[in-house]
Structures are given as structure tokens and as C-alpha cells.
Amino acid sequence: MRRMRRASLVFLLTISLLIWSVGFAQRRTQPLIQKRPRLVLLIVVDQFRYDYLERFGDLFIDNGLRRLLRDGASWTQSNYDHIPTYTAPGHATMMTGAYPAESGIIGNEWLDRASGKRITSVTDDSVKLLGGGPNEPAASPARLLSSTVGDELRLATNDRAKVIGISVKDRSAILPAGRHANAAYWFSTASGNMVSSTYYFNQLPNWVTSFNNSRPADKYFGAKWERLLPAAEYERRAGPDSPAWETVGSGSGDTNAFPHTISGGATTAGRAFYNALDYSPFSNDLLVSFAEQAIVNEQLGKDDDTDVLTVSFSANDYVGHRYGPYSQEMMDVTLRVDRQIATLLDFVQTQVGLSNTVVAFTADHGVAPVPEQAASLGLGGGRIRAADLFGPIRAAISARYNPQGKSPDPSADYLLRYNENGTVRDLLLNSYIYFNYDALRRDGVNVEELSQIVVAAALTVPGIARCFSRTQLLRGAASITDPIERRAGHGFYPARSGDVLVVPEPYKYLAESLTATHGSPYSYDTHVPTIIMGPGVTAGRYFEAATPADIAPTLSALLRITPPSSSTGRVLVEAIKR
Ligand SMILES: [Zn+2]
């Protein structure tokens with residue numbers, strides 16, 4: 001009896017000791033574990049200039065962008081530090097923390113010297129498209145040279161972390177997610193489906209097929225895009241609805257004025273309509289529905305292994321290109337994306353909890369005023385046509401290498417031309433002129449000498465501000481104290497970049513056909529929001545200089561993982577709780 005009592009006493013003591021030691025272990029580790037978020041949500045709005053937060057901020061609703069500004073840390077001086085300020089380089093920067101000089105994503109497209117073909121940043125002939133139209137090209141992150149935050153999380157968790165990228169554009173879905181992502185999904189204007197490629201898996205997951213089978217895009221066929229608020233508010237902030245410089249392509253079935261009919265001029269849902277849908281805020285609604293399905297079906301944020309979801313809204317870029325940054329349409333698509341972000345954040349709140357989520361918000365680039373508008377305001381706007389630039393350059397090349405004026409001119413093929421819709425013509429790729437090395441070898445032409453001739457001739461063209469030769473960028477001769485030279489250097493990758501880079505003056509476009517565009521090193525193209533909200537982040541407005549390249553190292557610090565392979569951004573320590 002006594003022995004039994006003693007035995008039970010020993011047993012009780014042992015149990016208490018065990019409970020105490022477990023409790024002690026928990027006390028030591030719990031605060032660290034509690035701080036690890038379950039989900040990283042990157043929200044990108046394509047072509048969202050920083051100033052949209054200020055120009056339209058009072059019209060935002062409580063739980064969208066205003067929530068990010070109120071509960072998150074927002075950097076007011078966040079600029080890209082590379083050119084060209086395009087979609088693919090911007091999207092490759094955010095989650096790698098790397099400039100194009102390291103990520104290798106120097107543009108939306110470039111010349112592949114090996115095949116002699118123009119390729120896109122995500123072109124990949126070795127994979128097949130899943131869910132697309134017949135012969136529609138597939139895509140993958142194979143050309144991205146840096147790892148992403150998602151890649152590093154997968155490495156850190158023995159692949160238990162899930163990483164998914166979503167956008168209308170292939171590059172905007174693929175590049176932020178990374179090379180070791182579980183999936184990227186984008187919109188096919190050939191099939192009207194959300195598609196992916198065999199880079200990720202051999203067939204689309206069932207939930208994606210079900211989503212597509214319900215034809216979610218088709219329900220917008222013939223939809224009328226009207227202003228969200230009374231017209232007077234738009235008149236006051238953005239001027240008249242259809243100024244002379246707004247141009248909508250013929251055959252789109254649309255006009256420059258509200259309401260816009262989204263049909264692509266077609267009688268049924270098909271390629272023309274799906275293309276028109278890209279140019280409307282409704283394609284953003286489609287992405288929100290798809291992102292919600294991804295969160296539920298892939299169980300994102302459901303366990304302690306942090307997952308990553310990147311959602312990039314493309315409609316804002318299409319609308320900005322067609323109508324310009326000071327248009328009523330740009331104002332409306334901005335107000336609407338605020339509501340769409342609110343819907344997405346509310347959904348994450350119910351499914352994962354925002355207290356378990358780190359949200360990062362940014363854009364891939366800004367946009368310049370329409371040159372004709374900038375000219376009318378005395379800002380020096382204008383367009384430099386390819387012929388304006390290549391005329392003097394070709395004349396200078398002929399004068400040096402064909403002094404007798406032989407016909408045909410043997411130096412005519414020294415610069416590469418491109419087949420553009422059936423016409424072979426002079427073009428800049430990412431503001432670069434590419435030399436034809438075969439022709440230069442054939443005639444024993446010195447590349448450095450040709451570079452100097454091209455640079456000197458380009459600088460005589462009205463509206464050209466700067467020129468950089470490949471040899472100058474290769475030597476690293478660009479000065480880091482000159483912001484334009486530094487941005488040129490950050491955008492240069494030897495195996496992919498061209499031979500002479502041309503930079504126009506502010507408000508001047510190296511573009512003929514687009515109403516508005518971007519790509520320059522100037523503030524209207526580089527100044528974008530950078531906001532981070534979530535556990536471990538101190539809310540507030542921060543005036544320190546920042547760049548979207550800082551997002552990846554900051555997220556890595558919050559997640560306590562290795563920063564991506566080429567991360568060169570800084571950790572935004574001013575907003576991190578110690
Ligand atoms: Zn764009």
C-alpha cells in the first residue's frame with residue numbers, strides 16, 4: 001500500500017517535471033514561432049505610380065489601399081534604380097531583390113544572340129502551354145537567373161512552403177514566383193482560360209480546370225465599363241473624358257469615352273473580346289476570383305510553413321497605355337483596383353487572418369504623361385520616331401564605311417533590323433541598338449569605333465539626352481553618382497543587352513504607336529509605392545530612400561531565411577520591430 005503510494009508519488013513528480021520542462025521549452029521558443037507569418041501576399045498593380053496614392057487617396061475605401069497605408073509601413077521615396085522601367089524587369093526585381101544586371105531580366109524581350117531571334121523574358125520552347133489555344137506559345141522562368149523569396153522559403157522548408165504566382169500577363173505571374181515555384185497562372189487571350197505550362201506540372205490542377213469550365217471571363221462579354229463615382233469628380237481631377245490624344249485602336253468596338261463597351265467589336269466571346277477584357281478593370285475582377293480559388297484549393301496559409309501568393313493586376317497598365325496617367329479612365333481603374341484589393345484582403349482575413357500574413361504592395365514601373373499632353377503644357381513632350389533616330393546614325397555609318405557611295409551600301413547591314421508585322425525595319429529593343437557581329441567580322445569593322453560613330457550620331461538627334469556604349473557599360477565605367485548612368489548599368493546584362501543604349505530627354509518618347517508609355521530613368525517612370533504590412537512591421541510613413549529591390553531582403557529578414565541569391569537591396573530596418 002505504502003509502496004504503491006510512493007510509486008504513484010514518483011509517477012506524479014515525473015509527470016509534473018515533464019509538463020514543467022515542456023512549458024519551459026515553449027516559453028523559450030513560442031515568441032519566435034508566433035512571429036512567423038503563414039502567408040506572404042505580394043500585391044502588384046502594373047503601372048501604378050506613387051502619386052496615385054496621393055491624388056486619389058481620399059476616394060479609397062477603408063479596407064483596401066487605405067488599410068495598407070494605415071496599418072502598414074509605406075515608403076514615400078521608393079524608386080526603381082534601373083532602366084528600362086518595364087514590366088518584366090520590375091517584376092523580376094521585387095522578389096529577388098536584384099537589379100536586371102543580376103536577374104538577367106533586362107526587358108520584356110531582347111535579342112537572343114545564339115538563335116538570332118527576338119525572345120520574351122519568359123519564352124521557353126521546351127515546355128507546353130496548359131489550357132491555351134492551338135499553337136499558343138508557352139512560358140517559364142528559365143531565363144530568370146536569381147532565386148526569389150519563394151524559392152528560398154521552399155529550400156528552407158524542404159519544399160513544404162507553397163509558392164504560386166497569378167496575373168493576366170505571363171511574365172508578371174512567373175517572375176515574382178520564381179524558378180522553384182509550385183505554379184504560375186496567367187490569362188490566355190486565345191482561350192479565355194487561366195493557363196500554366198508543363199514547366200510546373202503535366203496537367204492543370206482540377207480546381208483550375210473547374211474554374212475555366214465555368215467560363216468566368218465570358219460573363220463580361222458586352223459589359224459596360226462606367227465611372228464608379230459621379231462624372232463631376234472625374235472632370236475636376238482628370239479633365240475632359242476624351243481629349244485629342246486619347247486613341248482607341250480601330251476595330252476594338254470601343255470609343256475614347258465612358259461608358260466603354262467590352263466586346264472587342266465581336267459578336268461572341270473570342271480572342272478579340274479577351275483582348276479587350278485585358279484593357280478593362282473587369283480582368284482584375286477575374287484575377288481576384290482566381291486568387292480566392294487558389295487560396296482555398298491550395299490551402300495557402302493553412303499551416304506554419306509560410307506560403308507565398310503573388311497577384312499582379314495588369315489592367316491598370318493596359319488602360320494607362322491607352323489613355324495616359326491623367327485620364328478619367330486611369331482614375332477609374334485606380335479607384336476600382338482599390339476596391340479589388342479590399343476584396344482580396346478581406347478574403348485573406350477570413351481564410352488566413354491578416355495577423356498571420358505579411359502583405360507587400362508595389363508596382364513594376366510608373367508611366368509618363370502622353371507626349372502630346374506634355375507638349376501642350378509646355379513640358380517639352382514629343383515623340384522621337386525610329387526614322388528620326390536611325391536616319392542620322394545610318395548616314396554617319398555610310399560616311400565612314402562607304403565613302404565612295406557604293407550601291408548597294410556594304411555597311412547597310414551593320415545594324416540589326418527586325419521583322420515587325422511583315423516589314424523589316426529599324427527598331428530599338430529596350431532602347432538598345434544591336435550590331436550585326438557577322439557583318440562586322442566580314443568587313444573587319446572595329447566594334448569600338450562603330451560604337452563611337454553611332455553614339456556621336458545619336459547625340460545629334462533632337463530629344464536624345466544620353467547614349468551609352470556596350471564597351472562603356474562592360475568596363476563598369478558608368479558613374480554611380482550619376483543616376484542615369486547608374487540606372488543604365490543596373491539594367492545591363494552582357495549576354496543579353498545590345499550595343500548602344502539611347503536615353504531620351506524627359507517627357508520625350510522613343511515610341512510611335514502607344515498613346516502613353518514608360519521605360520525611362522525619370523521619376524514619373526521610377527517612383528512607385530512600396531508598402532509592407534504585417535507582424536513584425538511598424539506602421540507609418542517613411543521618408544528614407546527605398547526601392548522595390550528592398551522588398552525581398554526585408555521579407556527575408558522578417559521570415560528569417562537566406563535572402564535570394566542576388567539580393568542587393570537593403571533591409572528596410574526603419575520599419576522592422578526589434
Ligand atoms: Zn506597360
Side-chain angles (χ1 to χ4, degrees), residues 43-52 79-80 82-94 100 105-110 118 120-122 139 167-176 186-187 189 245-249 252 275-281 283-284 287 310-327 329-334 336-337 362-371 373-374 381 383 427-432 487 491 503-504 507-529 548:
I43 301 174
V44 184
V45 179
D46 203 312
Q47 205 193 94
F48 194 106
R49 290 165 45 137
Y50 173 84
D51 70 326
Y52 295 165
N79 286 274
Y80 277 99
H82 65 243
I83 48 172
T85 36
Y86 285 163
T87 295
H91 279 84
T93 296
M94 304 158 187
I105 306 298
I106 57 154
N108 293 334
E109 56 167 12
W110 58 84
R118 276 162 77 179
T120 82
S121 62
V122 288
S167 183
V168 157
K169 297 181 182 177
D170 50 9
R171 54 189 178 273
S172 311
I174 289 169
L175 297 170
W186 58 96
F187 183 65
T189 51
W245 48 80
E246 284 186 11
T247 48
V248 168
S252 66
N275 192 53
L277 188 63
D278 282 354
Y279 284 83
S280 84
S283 63
N284 286 346
L287 285 191
T310 70
V311 182
S312 177
F313 293 105
S314 308
N316 302 62
D317 181 66
Y318 290 110
V319 169
H321 278 297
R322 182 168 281 179
Y323 304 100
Y326 295 98
S327 62
E329 285 82 357
M330 194 67 237
M331 174 172 164
D332 195 70
V333 78
T334 302
R336 285 176 186 272
V337 84
T362 191
D364 50 351
H365 52 72
V367 64
V370 178
Q373 182 182 20
R383 292 179 192 269
L427 273 184
L428 292 168
L429 292 186
N430 304 315
S431 305
Y432 270 102
R487 286 171 181 171
V503 180
Y507 302 106
K508 296 258 184 344
Y509 278 21
L510 293 166
E512 298 168 35
S513 55
L514 294 163
T515 302
T517 197
H518 47 86
S520 81
Y522 304 118
S523 60
Y524 46 72
D525 284 340
T526 62
H527 191 205
V528 295

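Along the sequence shown, residues carry numbers from 1. As the structure lists them, so they are numbered: ligands from 1, and atoms in each ligand from 1.
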Give the total of protein N/O/S atoms at a distance below 2.8 Å from the Zn ion (ligand 1).
4
I'd like to know if the side chain of [X] reaches the main chain of [Y], judged simply by a donor and an acceptor atom lying under 3.5 Å from each other, with no hydrogens or angles considered.
X	Y	value
His91	Leu175	no
Arg336	Pro281	no
His321	Ala516	yes

Are Tyr507 and Tyr524 an aromatic pair, judged by ring center distance below 6.0 Å?
yes
Tell me yes or no: between the side chains of Asp278 and Ser283, is some donor less than 3.5 Å from an acceptor?
no
Is it true that the side chains of Ser167 and Ser314 contain a donor and an acceptor less than 3.5 Å apart?
yes
